[in-house]
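Reading through the structure tokens given below for one structure.
Just so we're on the same page: letters track the sequence lines, and every chain starts at 1.
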2 protein chains.
Amino acid sequence: MARQSADARREQLVEAAIRVMIRDGVAKATTRAIVGEAGLPLGAFHYCFRSKQELLHSVIERIMLGSVAIPLGPVEEGAAAPDLIRSTLYTYWDLIRERPEEHQLTYELAQFALREPGLADVARRQYRHYLQVNVDHLQAVAERAGIRWATDITVLARFGLNFLDGLTLNWLIDRDDAQALSALDAYAEYLDGQIAR
Amino acid sequence: MARQSADARREQLVEAAIRVMIRDGVAKATTRAIVGEAGLPLGAFHYCFRSKQELLHSVIERIMLGSVAIPLGPVEEGAAAPDLIRSTLYTYWDLIRERPEEHQLTYELAQFALREPGLADVARRQYRHYLQVNVDHLQAVAERAGIRWATDITVLARFGLNFLDGLTLNWLIDRDDAQALSALDAYAEYLDGQIAR
DNA sequence: GTCTATAGGAAGATAGAC
DNA sequence: GTCTATCTTCCTATAGAC
């Protein structure tokens, strides 16, 4: 096999690991399955990573970094707040529906991380990051629409983060689009009600 | 070892399995760990269960059946709706805080079930059950407080289920009591707003 | 039904030739 | 750095004595 930098190999293995995890679940992502997916010999694993735990660390960090920053989307400045709220919620929801397996993986990895002493903190940082993304997002909506939120923005962000997390988890299990959309609309209406008048 | 009915042994193993899963996670609940926890010899496993998968099926069903039906608690007939709403939400939250590991296990098992073709349906039934519990609960609150809900009760139930699920998951990761309570209060206020006038 | 012993394989990790 | 061969451990499951 052609010589490559160790970093390139690591990349290759991390990506292969993520593919395996998405397809078969975290539990099935053995070193053998991963190197097989990457088309590398088994021995390659341990001169790229000291241990499987080290690879998992890399995988988790990669997933977090690449994780959904809800895009505001191409909405014109000065749009009405309710429209802005709905357009961003639907954008988020489309992301979930487009790549459900990826999001399922984030939940699996968070659970997994909680069980590994060295990884629990990564999960905590992930959720702090998610919260911050939501805070920023609510702020951006308020600025673009020229409104203020009636409730403390951090509380609002946590409320929304939790609802969307639960919605996603529930949908990953029952795949009931209609019910999910109804709940999403209820949340949109809740946000409408949180616009300070 | 004294002779016991096969059913009693099965019970014993299911309970041991749950203890191991709560303590060490689903992945670590090997047949050896389970029989060890139950104080039984390894061979006991396979004349109680055809396979490990069969045990997992029993474990999941047990967990679902025993899972939280939010108790309405000792609230007097005719109590004000907002009080009733808060008292039941706090009761739920106390349940979570009392036994976090048990609830973490339900999430782990749901994820696990999604990856096993034969078990995915159990997870679906579980969530249907949760939804029904929430519907019944909202109905009971309305009856006791003598109010009507302004929104379709199924939508309201799903919204609440999803929020509480996300809240729990988030708290299991960051254990931030203050933030969780703020979000819970925000949800209580949302429900106040859903009382038809 | 109960238990010991063991089969048979897959896991993570390493040794050592190239 | 790269790869094959192998070590050790742990897994699920079974065979067969009692």
Whole-Å distance separating the CG atom of A/D7 from the P atom of D/dG1: 10 Å
Base, sugar-phosphate, or nothing for B/A44, non-hydrogen atoms under 4.0 angstrom? nothing
Examine A/F45 together with A/F49 and report whether their ring centres are nearer than 6.0 Å. yes
Side chain of B/R9: nearest nucleotide among D/dT2, C/dT2, D/dG1? C/dT2
Less than 4.0 Å between a side-chain N and a carboxylate O, is that true for B/R148 and B/E143? no
Considering only side-chain heavy atoms of B/L42, which listed nucleotide, D/dA13, C/dA13, C/dT4, is closest? D/dA13
OP1 or OP2 of D/dA13 sitting under 4.0 Å from any side-chain N/O of B/R50? no
Ignoring the backbone of B/P41, work out which of C/dA13, D/dT2, C/dT4 is nearest its side chain. C/dT4
Quick one: A/L56 CG to C/dG12 P, roughly how many Å, whole number? 10 Å
Let me know the distance between OH of B/Y47 and P of D/dA17, rounded to the nearest Å. 17 Å
Side chain of A/T30 (C-beta onward), nearest among D/dT2, C/dA11, C/dT2: C/dA11
Between A/K28 and A/G43, which residue's closest nucleotide on DNA chain C lies nearer the 5′ terminus? A/K28
Tell me the interatomic distance from B/K52, atom NZ, to D/dC11, atom P, rounded to whole angstroms. 9 Å
State, without any angle test, whether A/Y107 and A/Q111 hold a side-chain donor-acceptor pair at a distance under 3.5 Å. no
Between A/H46 and C/dA13, is there a contact of a side-chain N or O with OP1 or OP2 at under 4.0 Å? yes
Could you state the atom-to-atom distance from CG of A/L13 to C1' of C/dA13 in whole Å? 15 Å
Using whole Å, report how far CD1 of B/I34 lies from P of D/dC11. 10 Å
Please report the distance, rounded to the nearest Å, between CZ in B/F45 and C1' in C/dG1. 17 Å
Please state how far atom CZ in A/F49 lies from atom P in D/dT2, giving the value in whole angstrom units. 13 Å
Would the A/Y187 and B/F163 ring centres measure less than 6.0 Å apart? no
Go through the side-chain N and O atoms of A/T168 and A/Y92 and say whether any donor and acceptor fall under 3.5 Å apart. yes
Any donor-acceptor pair, under 3.5 Å, between the side chain of A/R32 and the base of C/dG12, if you only look at N and O atoms? yes
Picking from D/dC3, D/dA13, C/dA13, the nucleotide nearest the side-chain atoms of B/S51 would be D/dA13
